[in-house]
Q: 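Below you'll find the structure I mean.
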Amino acid sequence: MSNDENNDRTRRNENQGEGDRESARQYNEDTREFVESGRVDEAARNAHEQDPTEAEDAEEAGRDRAKEQDPSVHRDYEKPTRD
């Protein structure tokens with residue numbers, strides 16, 4: 001294995017942190033493939049048919065895992081903030 005190949009492999013395995021370009025590229029590619037597959041309307045219908053209580057429970061579970069949710073700090077998460 002050449003030194004260039006080893007450096008390329010090392011770069012691919014590095015943690016890129018927030019703004020990870022490789023993950024963003026993969027997400028964009030997967031999204032493009034999904035849209036081109038023609039399954040968007042079906043997924044939208046399925047989401048529309050979801051039990052509202054199930055959707056609310058899933059949203060609450062996601063909020064519970066969110067880093068910015070600190071139970072000791074009161075915030076109005078319904079109100080948008082400016083950064």
Side-chain angles (χ1 to χ4, degrees):
M1 179 182 325
S2 75
N3 196 26
D4 288 338
E5 289 173 331
N6 192 29
N7 286 341
D8 287 344
R9 186 170 288 149
T10 299
R11 270 188 236 116
R12 280 193 301 260
N13 292 330
E14 288 179 8
N15 181 349
Q16 297 178 6
E18 202 169 330
D20 177 349
R21 289 186 179 116
E22 178 61 24
S23 296
R25 184 195 61 73
Q26 186 63 51
Y27 171 80
N28 290 338
E29 184 178 305
D30 291 345
T31 301
R32 190 175 313 109
E33 287 176 11
F34 177 73
V35 169
E36 291 172 356
S37 75
R39 298 184 323 227
V40 174
D41 289 336
E42 176 187 353
R45 277 192 302 277
N46 290 341
H48 181 70
E49 294 169 1
Q50 183 180 23
D51 176 15
T53 303
E54 181 184 349
E56 290 168 5
D57 291 346
E59 185 175 348
E60 185 176 339
R63 277 195 306 266
D64 288 346
R65 289 191 306 269
K67 288 182 182 179
E68 67 274 1
Q69 294 275 358
D70 182 349
S72 66
V73 177
H74 174 71
R75 292 188 181 102
D76 184 357
Y77 288 101
E78 300 298 318
K79 182 178 178 182
T81 60
R82 292 187 179 167
D83 291 330

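Residues take their numbers from the sequence shown, with the count starting at 1. Every heavy atom of this structure was used, including side-chain atoms; hydrogens, water molecules and symmetry mates were not.
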Q: Test of understanding: with side chain to side chain donor-acceptor pair (under 3.5 Å), list the residues that count as partners of Q50, not counting sequence neighbours.
A: none
Q: If you compare all heavy atoms of V35 against all heavy atoms of V40, which two are closest, and at what distance to 0.1 Å?
A: CA-CG2, 3.8 Å
Q: Who passes salt bridge (charged side-chain N to carboxylate O under 4.0 Å, His left out) against E54, sequence neighbours left out?
A: none
Q: For residues 29-38, which residue pairs pass the salt bridge (Lys or Arg N to Asp or Glu O under 4.0 Å) check, not counting sequence neighbours?
A: R25-E29
Q: By side-chain contact (heavy atoms from CB on, under 4.5 Å), which residues pair with Y27, not counting sequence neighbours?
A: T31
